[in-house]
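The structure appears below as structure tokens.
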Amino acid sequence: MLAVVSGAGGGIGGAVAEALSADGYELALIGRRESTLRDTAGKVGHGYVLPADLTSPDDAARIAVEVGAADVLVHCAGAIPARDGDGFTAVANWWRDTYDANVLTAALLTEAVTIRPGGAVVFVSSIAAQRGGRGPYSAAKAALHGYAMSLARELAPDVTVNVIAPGYVAGTGLFGEPASEVEMGRRVAETLTGRVGTPQDVADAVRYLIRARHVTGQILAVNGGAVLGR
């Protein structure tokens with residue numbers, strides 16, 4: 001069985017790759033930086049490393065040829081681009097860059113990889129999609145939810161499609177870590193579990209969604225109760 005993991009160079013993607021390797025999957029590891037992908041491959045002892053810019057149609061076409069079909073596809077790639085300057089051009093570029101990094105990457109990779117019957121697709125979104133914050137980032141992550149719902153209908157009944165919406169996850173580098181003691185305390189105080197999330201928490205949720213064959217078209221919040229289910 002083959003699992004394709006984007007953003008596999010560390011953080012959530014690295015933890016997902018390690019978890020799926022332990023479950024017996026062969027791995028295709030995709031990300032921008034070959035060095036970090038090779039670090040992940042070294043940790044799991046194997047893995048096909050595919051450096052790629054997932055906003056590039058040419059790179060997506062290359063992946064379609066090199067990977068073809070898989071049993072599991074987990075989208076962990078994402079970013080929070082900074083706004084560069086003032087004015088309408090800066091705003092437009094900021095929104096486009098954020099959308100490309102978080103939505104286009106997922107759409108192109110989904111088109112590139114055929115999921116075999118009995119397989120699963122999992123998107124990693126964010127708590128920001130549910131409660132707002134961070135401007136275009138929350139909007140882009142929310143867009144993944146609608147895309148996943150459409151894809152779940154399209155691929156049913158053979159393939160399940162779900163979304164994980166994590167709260168703050170330490171150790172990803174996404175939020176300019178390390179956070180200050182005050183900021184970390186604020187994030188812990190938001191939760192009901194009394195701690196921030198870890199990449200392993202998200203990897204455990206990915207494992208569940210792959211195995212849960214009667215769960216599709218759902219948003220699974222992994223946020224320690226920072227946002228309650230509804």
Side-chain angles (χ1 to χ4, degrees), residues 1-52 54 59-78 105-125 144 147-148 151-152 154-166 169 171-172 197-220 222:
M1 296 185 297
L2 176 65
V4 178
V5 182
S6 72
I12 291 172
V16 168
E18 291 185 48
L20 297 187
S21 176
D23 289 344
Y25 286 91
E26 295 297 319
L27 297 172
L29 307 173
I30 299 176
R32 285 180 177 270
R33 293 179 294 172
E34 183 174 358
S35 60
T36 59
L37 295 177
R38 294 205 177 279
D39 287 343
T40 299
K43 289 178 182 177
V44 302
H46 65 99
Y48 182 32
V49 170
L50 282 168
L54 290 176
D59 279 12
R62 175 170 57 85
I63 291 168
V65 172
E66 295 187 20
V67 174
D71 301 283
V72 169
L73 173 58
V74 186
H75 295 279
C76 301
T105 52
L108 287 178
L109 184 57
T110 300
E111 291 292 326
V113 179
T114 299
I115 306 302
R116 300 184 183 104
V121 180
V122 181
F123 296 89
V124 177
S125 174
L144 286 180
Y147 177 43
L151 196 65
E154 178 183 333
L155 299 183
D158 297 322
V159 175
T160 63
V161 182
N162 293 285
V163 180
I164 295 171
V169 175
T172 67
T198 68
Q200 188 60 51
D201 290 325
V202 182
D204 289 342
V206 169
R207 279 172 146 165
Y208 162 71
L209 289 175
I210 290 171
R211 296 168 180 168
R213 302 310 304 167
H214 197 51
V215 178
T216 193
Q218 304 301 312
I219 312 298
L220 176 60
V222 181

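Heads up: numbering here begins at 1 and tracks the sequence.
Taking both residues in full, the closest heavy atoms of Ala212 and Thr160 are given as O-CG2, 4.4 Å, listed atom of the first, atom of the second, then distance. Here the closest heavy-atom approach between residue Ala19 and residue Ala203 is recorded as CB-CB, 4.0 Å. Counting all heavy atoms, side chain and backbone alike, Pro199 lies closest to Val169 at N-CG1, 3.5 Å. When all heavy atoms of Val67 and Ala28 are compared, the closest pair comes out as CG2-CB, 4.4 Å.
The distance from atom CG of Leu151 to atom OG1 of Thr110, rounded to the nearest 0.5 Å, is 6.0 Å. Ile164 contributes atom CD1, which lies 12.5 Å from atom CG of Leu144 (distance to the nearest 0.5 angstrom). Going from atom OH of Tyr48 over to atom CG of Leu29 covers 11.0 Å, rounded to the nearest 0.5 Å. Atom CG in Leu20 sits 7.5 Å away from atom CZ in Arg207 (nearest 0.5 Å). Of the inter-residue distances, the one linking Ser6 atom OG with Leu37 atom CG reads 10.5 Å to the nearest 0.5 angstrom. Rounded to the nearest 0.5 angstrom, Arg32 CZ and Leu54 CG are separated by 8.0 Å.
The side-chain hydrogen bond (donor to acceptor under 3.5 Å, both in side chains) test with Ser21 singles out one residue from Glu26, Lys43, His46, and that residue is His46.
Note on ring orientation: taking the six-membered ring where Trp is involved, the planes of Phe123 and His75 are parallel (angle under 30°, cut-offs 30° and 60°).
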### Message
Go through it in stages, so that I can follow the logic: the residues are Ile210 and Asp71, the test is side chain to side chain contact (heavy atoms under 4.5 Å, CB included), and I'd like the CA-CA distance, side-chain angles, deciding distance and then a yes or no.
### Response
CA-CA 10 Å; Ile210 290 171; Asp71 301 283; over 6 Å; no
### Task
Any chance you could lay out the side chain to side chain contact (heavy atoms under 4.5 Å, CB included) test for Val72 and Val206, step after step, and finish with the verdict?
CA-CA 10 Å; Val72 169; Val206 169; 5.7 Å; no
### Task
Under the side chain to side chain contact (heavy atoms under 4.5 Å, CB included) rule, what do Arg62 and Asp59 come out as? Steps first, then yes or no, please.
CA-CA 5 Å; Arg62 175 170 57 85; Asp59 279 12; 3.7 Å; yes
### Message
Checking Val215 against Leu209 for the side chain to side chain contact (heavy atoms under 4.5 Å, CB included) test, could you report, in this order, the C-alpha distance in whole Å, the side-chain angles of both residues, the deciding distance, and whether it holds?
### Response
CA-CA 7 Å; Val215 178; Leu209 289 175; 4.0 Å; yes
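Proximity of Leu220 to Asn162: side-chain heavy atoms (C-beta onward) are nowhere separated by under 4.5 Å.
Checking side-chain atoms of Asp158 against main-chain N and O of Gly118 turns up no donor-acceptor pair under 3.5 Å. Looking only at distances, a side-chain donor or acceptor of Asp201 sits under 3.5 Å from a matching main-chain atom of Thr198. A side-chain donor-acceptor contact under 3.5 Å links Gln218 to the backbone of Thr216. For Thr40 (side chain) and Ala8 (main-chain N/O), a donor-acceptor pair under 3.5 Å exists by modelled atom type.
Sparse packing is recorded around OH of Tyr208, with 12 or fewer heavy atoms of other residues, nucleotides or ligands lying under 6.0 Å away.
Remark: the Asp39 side chain and the Thr36 side chain contain no N/O donor-acceptor pair separated by less than 3.5 Å.
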